[in-house]
Amino acid sequence: MEQVYIEDIASAEGKEVEIKGWLYNARSSGKLRFLQIRDGTGIIQAVVFKEDVSEEVFSMLGELTQETSIILRGTIHADMRAPGGYEMSAFNIEKVGDSPNYPITPKEHGVHFLLDRRHLWMRSAKQHAILRVRHEVVSAIRDFFNNRGFINLDAPIFTPAACEETSTLFETEYFNDQAYLTQSGQLYMEAGCMAFGKVYCFGPTFRAEKSKTRKHLTEFWMVEPEVAYMNLQGDMELAEDFICYIIERALENRRPELDKLERDISKLEAVKKPFPRITYDEAVKILQEKGSEIKYGDDLGAVEEEILGDYYHIPVMIHHWPAEVKAFYMKRDADKPELALGVDMIAPEGYGEIIGGGQREDDYDTLLASIKKHNLPEEAFDWYLDLRRYGSVPHAGFGLGLERTVGWITGVHHIRECIPLPRMMQRLKP
RNA sequence: UCCCCGGUGGCUCAAUGGUAGAGCGGGUGGCUGUUAACCACUAGGCUGGCGGUUCAAGUCCGUCCCGGGGAGCCA
């Protein structure tokens, strides 16, 4: 008998087919049993009348527990009363594997309890929806860059030293030496763009920051494009097109999942070009008008990001930052050297910074001076300085945090639900 | 590292300083259209650890452990 996946069930109407899956929920009404089956692609209800099956099968159904793996054979037909519009009248049920005392019941559970059982929690409908949106965003990210002629040039996970001076790195033993887990592939992408023109890397990133907030993971996924001969303006246009494309794809292909998550679709539909672009100076003025106590020269905190997000309702790009708050590799503005050509994109609804990037310093002497000023080990950046020795050109890029982006699109409160197995300060299992 | 909140059956939570409870889940029985089904019965507890105040502590005080939220930093 032909196996059918529940997402394709409409094509099986009127046919006798096989569904292979797991018991999601069961109800019983005397001589009638209702079994809700999930197979990873959806959920369908099967109805079993006592007279349609053998006595052994019918009494076995009464003992089935949640998440027992079963194979159902029956006829598919449309039914107004069924949640998905289709229902199976089953005439044969085969139990594959028992599932005694499944811990995640159809009632409320705390996040801690669920995270301890994340390997099982992934089976739940809401988690399914979120991770399917994540999959769509991942596909959209790759398609966007691939369709624009970018080369995927992934960066190493093991790195010999800090890419930037501030963030905390995870240390690991590397034979008889010390290595660190990457916190950014950007410096390597700068090398890549001088070789291939347009490149991106997309992989896990590690930060040993002691951050316990809904926006932080110790291991998260970041995509980092880098383009030769591109300036800050081009960088902002790229970032804007990129975000618009991701949102379009999510709306186009994952509408049922977003509905399941009760996401306010209109807020995503409002995300259209052009995004507001304001300088750091303008941002500070707006924030001060809105009651923030920010002083010129301060970096934006979580409160400031939220104020700006609420003010614009769509992502806002802030550029031309005081150089002091930005990294050593940022290029300075030619007219106002105290400003760096960096850009941050702040997502609305409190999801914070989803993109950070800018134009990089391409002058050898200026970059070397900056490395020295930041007390960075010059010898570690030998190869990086080579990029300014041999045919240096203006170039720019950015990094986008995948889980924050998925969090924003799905409207999930905490980004730990936006990655299959989250790694946080207090969590390394499962 | 700092600030705030919490820890009570398997789960989610109640309980003026005075006999520890409910819903769900589990078990047993009933029901031919259930949608987190419903109805009845039933089992299940050293209230995070240690110390203190009190006739009496889940409740008050001290301390430690664990967890959550936020700040800083960042995507």
Side-chain angles (χ1 to χ4, degrees), chain A residues 24-36 43-52 58 62-63 65-66 79-84 87 89 100-117 124-126 163-169 182-186 202-224 239 298-306 325-327 342-347 350-357 398-408 413-416 418-419 424-427:
Chain A
Y24 197 69
N25 202 358
R27 281 177 287 277
S28 170
S29 186
K31 308 229 163 28
L32 190 58
R33 297 209 201 283
F34 301 96
L35 307 176
Q36 287 192 317
I43 294 176
I44 191 170
Q45 177 165 275
V47 188
V48 188
F49 284 96
K50 187 170 186 177
E51 62 214 36
D52 290 350
F58 195 76
E63 290 159 14
T65 54
Q66 210 186 337
D79 192 313
M80 295 290 284
R81 293 169 293 187
E87 196 169 74
S89 291
N101 303 316
Y102 187 71
I104 302 176
T105 63
K107 280 282 177 178
E108 295 156 30
H109 297 285
V111 177
H112 182 249
F113 177 86
L114 291 166
L115 278 173
D116 278 345
R117 291 155 187 81
S124 303
K126 185 183 169 194
C163 292
E164 299 173 31
E165 67 271 34
T166 49
S167 293
T168 322
L169 292 158
T182 181
Q183 57 166 1
S184 169
Q186 181 208 313
F202 190 13
T205 299
F206 308 88
R207 305 255 168 109
E209 292 158 1
K210 292 186 176 174
S211 301
K212 294 199 295 180
T213 83
R214 69 191 187 96
K215 290 185 291 205
H216 286 87
L217 299 169
T218 53
E219 178 180 329
F220 65 97
W221 282 63
M222 185 156 71
V223 55
E224 296 176 278
D298 291 348
D299 203 351
L300 266 56
V303 179
E304 284 75 31
E305 288 183 358
E306 199 151 343
V325 305
K326 288 292 174 188
V343 57
D344 283 1
M345 189 189 288
I346 311 290
Y351 290 93
E353 185 184 340
I354 52 172
I355 280 181
F398 60 82
L400 170 115
L402 175 64
E403 289 77 13
R404 284 189 185 176
T405 305
V406 174
W408 166 48
H413 179 71
H414 198 305
I415 65 167
R416 66 192 160 200
C418 298
I419 186 167
M424 294 176 290
M425 206 179 136
Q426 303 287 353
R427 180 167 297 279

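Quick note: numbers below take in every heavy atom, side chains included, and nothing from hydrogens, waters or symmetry partners. Letters A, B, ... mirror the listed sequences (proteins, then strands); counts begin at 1.
- Among the heavy atoms of the strands lying under 4.0 Å from R416(A) are primed sugar atoms or P, OP1, OP2 only; no base atom is included.
- Contacts of S124(A) classified as side chain to side chain donor-acceptor pair (under 3.5 Å), with partners at least two apart in sequence or in another chain: none.
- Scored by the side chain to side chain donor-acceptor pair (under 3.5 Å) test, E403(A) finds R134(A) as partners (sequence neighbours excluded).
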Can you tabulate the close N/O pairs, meaning under 3.5 Å, that link protein atoms to atoms of nucleotides 39-44 of chain B?
none

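- Shown here are the side-chain contact (heavy atoms from CB on, under 4.5 Å) partners of A125(A), two or more places apart in sequence or in another chain: Y24(A), K260(A).
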* Asked: What pattern of brackets, bars and dots sums up RNA chain B from 5' to 3', given Watson-Crick or G-U wobble pairs under 3.5 Å, [ ] for crossing pairs and | for another strand?
  -> (((((((..((((....[..)))).(((((.......))))).....(((((..]....))))))))))))....
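- Applying the side-chain contact (heavy atoms from CB on, under 4.5 Å) rule to K31(A) yields the partners K50(A); only residues at least two apart in sequence or on another chain are considered.
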* Any chance you could list the contact pattern along nucleotides 23-33 of chain B? Use B for base contacts, S for sugar-phosphate-only contacts and - for none, protein heavy atoms under 4.0 Å, 5' to 3'. => -SS-----BBB
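- When the side chain to side chain donor-acceptor pair (under 3.5 Å) test is applied to D116(A), the partners found at least two apart in sequence or on another chain are R427(A).
- Applying the side-chain contact (heavy atoms from CB on, under 4.5 Å) rule to D299(A) yields the partners W321(A), V325(A); only residues at least two apart in sequence or on another chain are considered.
- Every side-chain contact (heavy atoms from CB on, under 4.5 Å) that S89(A) has, sequence neighbours left out, goes to H77(A).
- Scored by the side chain to side chain donor-acceptor pair (under 3.5 Å) test, R214(A) finds no partners at all (sequence neighbours excluded).
- Listed by chain and number, the residues in a ring-ring contact (aromatic ring centres under 6.0 Å, His included) with F206(A) amount to none (sequence neighbours excluded).
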